[in-house]
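Following: one structure in structure tokens, then a few remarks.
Letters A, B, ... mirror the listed sequences (proteins, then strands); counts begin at 1.
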Amino acid sequence: MYNYHLCTKRLVLCIDQKSFFASVSCILKGLDPLTTKLAVVADTKRKGSVVLAATPPLKQLGIKTGSRLFEIPSRSDIYIINPSMKTYLTYAQRITEIALRYVAPEDFHQYSVDEFFIDMTDSLHLFSKTIEEFAQLLKTTIYEDTGIHCAIGIGDNVLLSKLALDFEAKHHPTGVARIQYHDVPSRLWPLKPLSDFWGINKRTERKLNKRGIFTIGDLAQYPYEYLKRDFGIIGVDLHLHANGIDESIIREKGEIFKPSISKSQILMRDYKVEELKAIIIEHAEVLGYRLRRKSLLARTIKCSIGYSDGEKIAKQQTINDGTDLTEKIVSVVWKYIYQHVDHHRMIRTVSISLTGLIPKSEQQMTLFDDSTDLKQGIIDQTMDRIKEKYGQTAVMRGTAYGQSGTALERKNLIAGHKK
DNA sequence: TCTGGGGTCCTAGGACCC
DNA sequence: TCTGGGGTCCTAGGACCC
């Protein structure tokens, strides 16, 4: 049993917008998310498409995030709709602005589009007497300003706030729950299955089950050395988290540096290898554009290809000086695909990710000795400017117009979702 | 009835260097 | 005959998150 008096104790809130995409889509239609059965699916035209969000009444019928479109019963009282990503982002922005009325930006952390953390340790006294009272205030304000219901977990650290949210607040009628260090044995330890716990998925759960670990309490009391031996660093985290320990503090994270940029796509149909070139160019253009906008260079280019049968292969290549040239990304990826992908098999997924990102200011001048690179750089810059002025589809390389290009069909999508 | 898209972080083995 | 050790980087593949 840990001596929690030695642990950093803060007032952290984890806020989750209930069925976020589905709720916003209800509001857009003038419907009440708490009484309407509505699902947002990635693409209503694809039967196997995943459910991105479902309202609570639909969830009661067994449909949840990750279900497939064909699992939803066809009933006249169930709405099935495509995402409106642009609007979702606008709502998320409005909610962020509300949160920032109560904390300094360094005490705020956006975890995902519908989830964020705030550390109220320093500013609570300005707004409320107790943290529970503040949570209610925040919840009410968000609802009154946007129509979105949220759930709030309160904890002595970031982890406990997240667990309070996932295990209790989301299921309580009040939508608010608090877990402190002294609650760990009574409220965390009885929990099972393990895969409900943050950071443990089914596979890890099975491995733990084999060792006779079924509850969080089992995990907390299992000899730490064995976890470390068998699971490495993750084992250490499993042990600490099961004991409610997490020393991270939001404002100490510093500026968040995103270590990678990626673009992946499940294709609308099976593709032959030769048909992939146009897709690669589209992806490279988007990635190159994102790199150049941030004045970054990528040193490592990684390409993953998924065959129709689900098998995946990947290859990465590191370029010492780094690049932000669309053409360079295309040539590295295409060379790999052409040489290493089996031309007799059909392709269903394509993903390119850029890592080892470095600021462009660190670029070696030698790169510019190559006049081809210089020319490509000018072409990219010109295309970027046209796109900024007239939109993403204003200019495209010739190949994107061919049969296998998807950029034109996708121009109305954000992150693969409909605007 | 084939598939969301965007991420982060870890590991094991190998190459290479001193 | 039978192998140095430590550090760093790269690669391919997983696990997990929303």
(message) Just the rounded figure in Å: distance from P of C:dG14 to CZ of A:R206.
(response) 15 Å

(message) From the set C:dT11, C:dC18, B:dG4, return the single nucleotide nearest to any side-chain atom of A:W198.
(response) C:dC18

(message) Using heavy-atom distances to pick each residue's nearest nucleotide on DNA chain B, tell me which of A:V50 and A:K302 is more 5'.
(response) A:V50

(message) Rounded to whole Å, how long is the line connecting atom CE of A:M85 with atom P of C:dC18?
(response) 16 Å

(message) If you count every heavy atom of other residues, nucleotides or ligands that lies below 6.0 Å from A:K328 atom NZ, does the total exceed 12?
(response) no

(request) Find the partner of B:dA15: check Watson-Crick (N1-N3 plus N6-O4 or O6-N4) and G-U wobble (N1-O2, O6-N3) distances, both under 3.5 Å, and reply none if neither fits. (result) C:dT8

(message) I want to verify a distance call: between B:dT3, C:dT11, C:dC18, whose nearest atom is closest to the A:R46 side chain?
(response) B:dT3

(request) Between C:dC18, B:dG6, B:dG4, spot the one nearest the side chain of A:Y111, thanks. (result) C:dC18

(message) With a cut-off of less than 4.0 Å, is there a side-chain N or O of A:S262 near OP1 or OP2 of B:dG6?
(response) no

(request) Compute the centroid of each ring, for A:F231 and then for A:H239, and state whether the two points are separated by less than 6.0 Å. (result) no

(message) Nearest to the side chain of A:K258, heavy atoms from C-beta on, is which of C:dC18, B:dT8, B:dG6?
(response) B:dT8

(request) Would you check if there is a donor-acceptor pair between the side chains of A:E247 and A:T8 at a distance under 3.5 Å? (result) yes

(message) Taking the nucleotide of DNA chain B with the nearest heavy atom to each, does A:D270 or A:I261 sit closer to the 5' end?
(response) A:D270

(request) Mind checking A:F197 for me? I need base, sugar-phosphate or nothing, with any heavy atom below 4.0 Å counting as a touch. (result) sugar-phosphate

(message) Within the 4.0 Å heavy-atom criterion, would you say A:S351 contacts the bases, only the backbone, or no part of the nucleic acid?
(response) nothing

(request) Output the single nucleotide from C:dC18, B:dT11, B:dG6 whose closest atom is nearest the side chain of A:E115. (result) C:dC18

(request) Can you figure out which of B:dG6, B:dT8, C:dT11 approaches the side chain of A:Q316 most closely? (result) C:dT11

(request) Give the rounded distance in Å between these two atoms: NE2 of A:H109 and P of C:dC18. (result) 12 Å

(request) Check whether the side chains of A:Q110 and A:T96 place a donor and an acceptor atom closer than 3.5 Å, and report yes or no. (result) yes

(message) So A:K312, base contact, sugar-phosphate only, or nothing? Heavy-atom distance under 4.0 Å.
(response) nothing

(message) Any side-chain N or O of A:R290 below 4.0 angstrom from OP1/OP2 of B:dG7?
(response) yes

(request) Classify the nucleic acid contact of A:E71 as base, sugar-phosphate or nothing, counting any heavy atom under 4.0 Å across all strands shown. (result) nothing

(request) Compute whether any side-chain donor of one residue and acceptor of the other, for A:T323 and A:D321, lie under 3.5 angstrom apart. (result) no

(request) Using a heavy-atom cut-off of under 4.0 Å over every strand shown, decide if A:I200 touches base, sugar-phosphate, or nothing. (result) sugar-phosphate

(request) State whether a side-chain donor-acceptor pair under 3.5 Å links A:Y88 with A:S25. (result) yes

(request) Compare side-chain N and O positions of A:K263 against OP1 and OP2 of B:dG6 and report whether any pair is under 4.0 Å apart. (result) yes

(request) With the side chain of A:R203 defined as its heavy atoms from C-beta on, choose the nearest nucleotide among B:dG7, C:dC18, C:dA15. (result) C:dA15

(request) Whole angstrom is fine here: how far is it from CG in A:L194 over to C1' in C:dA15? (result) 16 Å

(message) Taking 4.0 Å as the cut-off, does a side-chain nitrogen or oxygen of A:T349 come that near to OP1 or OP2 on B:dT3?
(response) no

(request) Determine the contact category for A:K162: base if any of its heavy atoms lies under 4.0 Å from a base atom, sugar-phosphate if only primed atoms, P, OP1 or OP2 are that close, otherwise nothing. (result) sugar-phosphate

(request) Please check the phosphate of C:dC10 (OP1 and OP2 only) for any side-chain N or O of A:R299 closer than 4.0 Å. (result) yes

(request) Would you indicate whether A:Y2, at its atom OH, is surrounded by more than 12 heavy atoms from other residues, nucleotides or ligands within a distance under 6.0 Å? (result) yes

(message) Rounded to whole Å, how long is the line connecting atom CD1 of A:I233 with atom P of B:dT8?
(response) 17 Å

(message) The side chain of A:Q265 is closest to which nucleotide in this list: B:dG7, C:dG13, B:dG5?
(response) B:dG5

(message) Output the rounded distance in Å from CG (A:L208) to P (C:dA15).
(response) 14 Å

(message) Just N and O in the side chain of A:R68: are any of them under 4.0 Å from OP1 or OP2 of B:dG4?
(response) yes

(message) Measuring from the side chain of A:F70 (C-beta onward, heavy atoms only), which nucleotide among B:dG4, B:dG5, B:dT1 has the closest atom?
(response) B:dT1

(request) Measure from CD1 on A:I80 to C1' on B:dG4 and round the result to the nearest Å. (result) 17 Å

(message) Nearest to the side chain of A:I266, heavy atoms from C-beta on, is which of C:dT11, B:dT1, B:dG5?
(response) B:dG5

(message) Expressed as a whole number of angstroms, how long is the span from A:M346:CE to B:dC2:C1'?
(response) 14 Å

